[in-house]
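In each ligand, atom 1 is the first atom listed, and ligand 1 is the first ligand listed.
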Amino acid sequence: MKRALITGITGQDGAYLAQFLLDKGYQVYGTYRRLSTPNFWRLQYLDVFDKVNLIPADLLDTSSIVEAVRVAQPDEIYHLAAQSFVFASFEQPVGAGEITGLGVTRILEVIREINPSIRFYQASTSELYGRGSTIPQTESTSFQPSSPYAAAKLYGYWVTRIYREGYGIFACNGILFNHESPLRGLEFVTRKISNAVAKITLGMDKELRLGNLEAKRDWGYAPEYVESMWLILQQDKPDDYVIATGEAHSVREFAERAFTVAGLDWEKYVKVDERFLRPLDINFLQGDYSKAREKLGWQPKVKFDKLAEIMVREDLNRWGRWLKGEKFPWDAPNYPSEDRIISRMLKLDR
Ligand code: NAP
Ligand code: F7E
């Protein structure tokens with residue numbers, strides 16, 4: 001039985017990947033952070049909480065990573081843990097470097113020391129391309145990161161290649177474009193929209209405040225994207241791959257589509273709020289996944305319209321059940337209103 005270690009198993013991708021690998025017959029280990037309140041709702045939601053082995057570890061603490069690798073003895077490590085919210089990386093830029101950047105080297109060093117035959121997947125990102133990039137983006141498009149998050153990921157991308165080329169470690173980058181699902185964190189724009197649409201439809205909210213409506217992203221469906229991570233580590237040679245849908249849509253279009261799913265006119269509810277603008281934003285990301293299609297046999301099935309529909313229907317279902325008194329694992333009831341969050345990024349007088 002193959003053994004996999006997933007860092008960041010409590011996140012969107014970590015939970016879906018755990019489910020995918022369990023279905024493949026893997027013994028799955030996952031690292032999680034010790035928090036004052038448990039954060040296992042996604043694993044419970046997918047009904048895999050009792051099937052995975054959990055190891056406390058923090059990317060800031062190398063000794064905890066050593067322990068995780070010693071305990072799990074993995075054939076494959078999927079390194080998904082990161083401070084993944086771009087907006088927050090402007091609030092905590094040093095943390096972005098420490099966690100999202102240096103965290104990669106800490107894990108690669110542990111692999112090099114303990115067992116260099118472990119295969120390593122690095123969660124790289126379309127954010128690497130940044131502003132003003134040529135379209136569509138491929139594996140050979142140049143990178144111009146536009147946030148502390150992207151700069152940290154650029155470091156992680158290169159250190160992965162350096163350990164591959166310098167030490168012969170089977171280390172790969174999946175350059176994944178945005179991928180969403182009902183398990184997406186509430187701060188990301190698609191889930192913020194689907195959650196608000198559900199609450200407005202059910203009379204629990206009145207409006208939705210968003211930032212840059214013109215930004216275009218290549219949005220795919222997370223459960224399909226975790227399969228690509230596995231495929232990347234099953235190849236004969238380590239390499240880097242773009243994973244995307246090949247389509248770009250704006251935030252405005254996502255809002256329009258999401259409200260339409262619920263039979264509402266988005267323009268009546270969406271307000272632009274400057275607090276959600278970033279010091280720098282990327283206006284256009286659209287991936288070319290030809291290499292993944294040819295070499296991995298991977299291609300996306302769920303595209304933009306269907307994705308928005310899946311997300312809105314699931315948030316409607318959750319809030320509907322919640323209104324009837326049912327309790328089940330899910331993040332929204334505990335999420336503070338953004339008006340209650342004091343952040344230098346959310347100041348009104350910028
Ligand atoms: P996510 O839902 O935000 O999950 C991030 C995970 O990292 C969580 O399990 C989180 O733990 C963990 N983490 C954060 N800081 C940590 C630390 N200091 N030590 C240990 N663990 C820590 O992100 P995701 O959407 O699943 O994305 C997975 C990875 O893919 C991330 O590296 C992200 O940057 C990258 N990526 C995502 C996308 C996308 O569109 N989703 C696209 C390209 C690349 P807690 O639960 O305790 O917070
Ligand atoms: O923003 C705009 C915002 O926060 C998308 C992460 O998974 O994907 C994700 O990063 C766009 C941006 O995701 C709001 O300015 C408008 O242009 O959903 P997001 P992201 O920044 O693209 C990449 C691939 C990753 O690697 C990251 O880890 O939407 N936008 N209004 C807004 N965004 C948010 N969050 N909230 C708004 O109100």
Note: E214, heavy atoms under 4.0 Å from ligand 2, region reported as neither

When you look at CD of Q92, are more than 12 heavy atoms from neighbouring residues, nucleotides or ligands closer to it than 6.0 Å?
no

Subset of ligand 2 atoms that lie under 4.0 Å from at least one heavy atom of S126:
24 (C)

Output yes when a side-chain donor or acceptor of Q137 lies under 3.5 Å from a complementary backbone atom of Q286, and no otherwise.
yes

Closest to atom 13 (O) of ligand 2 (judged by heavy-atom distance), picking from L280, V86, N178, L176:
N178

hydrophobic_cluster_shared for L43 and L21, side chain cutoff 4.5 Å:
yes

K306 atom NZ, neighbour heavy-atom count above 12 within 6.0 Å:
no

Quick look: A215 vs ligand 2, heavy-atom contacts under 4.0 Å, and the answer is side chain

Interfacing atoms of ligand 2 (cut-off 4.0 Å, heavy-atom, K192):
37 (C), 38 (O)

Answer yes or no: does an N/O atom from W219 fall short of 3.5 Å to an N/O atom of ligand 2?
no

Restricting to side chain to side chain contact (heavy atoms under 4.5 Å, CB included), what partner residues turn up for Q73, sequence neighbours left out?
R3

Check: F87 ring centre within less than 6.0 Å of Y149 ring centre:
no

Within reach of ligand 2, part of D281 (heavy-atom separation under 4.0 Å):
side chain

Could you list which atoms of ligand 2 come closer than 4.0 Å to a heavy atom of G211?
14 (C), 16 (C), 31 (N), 38 (O)

Quick one: does R184 get a heavy atom under 4.0 Å from ligand 2?
yes

For ligand 2, which atoms, with element, lie under 4.0 Å from some heavy atom of V251?
2 (C), 29 (O)

For atom 30 (N) of ligand 2, grab the closest protein heavy atom and report residue, atom and distance to one decimal in Å.
V189 CG2, 3.8 Å

Hey, is K216 close enough to E214 for a salt bridge, meaning N to O under 4.0 Å?
no

Ligand 2 atoms in contact with T125 (distance to a heavy atom under 4.0 Å)
23 (C), 24 (C), 25 (C), 26 (O)

Between the candidates H179, R217, E127, R278, which shows the shortest non-hydrogen contact distance to atom 21 (O) of ligand 2?
R278

Do K268 and F259 form a cation-pi contact, if we require the NZ or CZ to be under 6.0 Å from the six-membered ring centre and within 45 degrees of the ring's axis?
no

Before accepting this row, confirm whether a basic side-chain N of the pair E127/K153 lies closer than 4.0 Å to the acidic partner's carboxylate O.
no

Is the distance between the ring centroids of F254 and F304 less than 6.0 Å?
yes

Ignoring hydrogens and geometry beyond distance, is a side-chain donor-acceptor pair present between Y26 and W230 at under 3.5 Å?
yes

Proximity of E187 to ligand 2 by residue part, where a heavy atom lies under 4.0 Å:
backbone

For the ring pair F49 and W41, is the centre-to-centre distance below 6.0 Å?
no

Ring centers of F170, F120 separated by less than 6.0 Å
no

Within the protein, residues bringing a heavy atom under 4.0 Å of ligand 1, chain by chain
G8, T10, G11, Q12, D13, R33, L35, N39, A57, D58, L59, L80, A81, A82, S84, I99, A123, S124, T125, Y149, K153, L176, F177, N178, H179, R184

Under 4.0 Å from ligand 2, counting heavy atoms only, is it the side chain of Y149, its backbone, both or neither?
side chain

Which atoms of ligand 2 are found less than 4.0 Å from any heavy atom of F276?
38 (O)

Cation-pi geometry met for R191 and F188 (6.0 Å, 45°)
no

With heavy-atom distances below 4.0 Å as the criterion, list the atoms of ligand 2 near F85.
4 (O), 35 (N)

For atom 28 (O) of ligand 2, which of the options A150, S89, S84, S250 provides the nearest non-hydrogen atom?
S84

According to a 4.5 Å side-chain heavy-atom criterion applied to Ile, Leu, Val, Met, Phe, Trp and Tyr, with indirect links allowed, do L17 and L296 form part of one hydrophobic cluster?
yes

Report the part of F188 (side chain from C-beta onward, or backbone N, CA, C, O) that has a heavy atom under 4.0 Å from ligand 2; answer both or neither where that applies.
both

